Amino acid sequence: MSSALDGLLRSLDKPRFDVESGRVTCWFGVKGESRHHTVRVTEVADGIRLEATVATARTLDSIAMYDDPHRWAWRRNRVSNLVGFRVDAQQRLLAEAVVPLIALTEEEFLTYLMAVASEADRMELVLTARDVQ
Amino acid sequence: VPGLWHNADLREHGDLVRRVPDAGGVDAADGDSLLRLLRLPEQLGIVEEPDDRGHDLTVEEEMLLGDPAADAQRVAWLVARVAAAADRLEEALWAGRDAGTEFFKAALADQDRMESHVERA
């Protein structure tokens, strides 16, 4: 992990976030009691990928989406801001943002992190009414 | 840059840049190509024409603008990422095809005309 990313992860508030091996659990209220969502943070060329699972393949199979999940994600990406959706090779529905490391501030990193966590959590609530991820 | 605009909704956090290159129509792609497409780690969008006349796929990524001194570098990073992703998408759908600038100029001009029309309406 680069020192830039390491520094950004260290800058996160302990009362609101749990950080472990490139995984950040974001709490939307009191830690341990409120809804939460885990975001995976990995490096790409000159950037960071923030990725959160909305629903696993098994969950996607079990719920009645009105549309094919790929097409649903593609339609949504046309109108969404900052956070995109895709279905990966494991057939999981993911929310993600890819962020340039160029002059990236802690405040901007936090904005992206919370945008991915909250979009993924909101979509998990809408699709499954649960708080697993 | 065609297809580039600012979004006012996130202005309180800095401006947002969105880059949407058109990767081409998906209807002519065969089943194997579509399976390759579904394995790509890209954020895609779909433009559906009225009356089921066809579909175009796009690569969609957004980022915040912040320090003006770094914005040009960020935009260059975004454009390079999305152009590379669109090329991978084109390769996955139609192995060996690499449509030239003229093809995309026409598609982008159509898109700009449609967006200008919507803005005026």
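Proteins get letters first, then strands, A, B, ... in listed order; numbering begins at 1 in each. Predicted model, so just to flag it, every value in this text is computed and none were measured. Atom set for the values below is all heavy atoms of this structure, side chains included, hydrogens, waters and symmetry mates excluded.
Tyr112(A) places no side-chain N or O within 3.5 Å of a backbone atom of Met63(B) that could act as its donor or acceptor partner. No donor-acceptor pair under 3.5 Å is formed between the side chain of Trp74(A) and the backbone N or O of Gln43(B).
Contact of the Arg86(A) side chain with the Leu44(B) side chain is not registered, since no non-hydrogen atoms from C-beta on lie closer than 4.5 Å.
Heavy atoms closer than 4.5 Å to chain B are found in both the backbone and the side chain of Val98(A). Both the backbone and the side chain of Glu96(A) come within contact range of chain B, with heavy atoms under 4.5 Å apart. Using a 4.5 Å cut-off between heavy atoms, Ala103(A) contacts chain B through both its backbone and its side chain. When heavy atoms are compared at a cutoff of 4.5 Å, Val44(A) approaches chain B solely by way of its side chain, counted from C-beta outward.
No chain of hydrophobic side-chain contacts below 4.5 Å, direct or via other Ile, Leu, Val, Met, Phe, Trp or Tyr residues, connects Phe17(A) to Trp27(A). No chain of hydrophobic side-chain contacts below 4.5 Å, direct or via other Ile, Leu, Val, Met, Phe, Trp or Tyr residues, connects Leu60(A) to Leu94(A). Hydrophobic cluster membership is shared by Ile48(A) and Val19(A), with clusters built from Ile, Leu, Val, Met, Phe, Trp and Tyr side chains linked at under 4.5 angstrom.
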Steps toward side chain to side chain contact (heavy atoms under 4.5 Å, CB included) verdict (His70(A), Ile46(B)): CA-CA 10 Å; His70(A) 293 280; Ile46(B) 189 165; over 6 Å; no
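When all heavy atoms are compared, the tightest approach of Asn77(A) to Glu62(B) is O-OE2, 4.4 Å.
Taking chain B as the reference chain and counting heavy-atom pairs below 4.5 Å, the highest number among Asp88(A), Ile102(A), Asp46(A), Val87(A) is found for Ile102(A). Your options are Gln73(B), Arg74(B), Arg81(B), and the one with the most heavy-atom pairs under 4.5 Å with chain A is Arg74(B).
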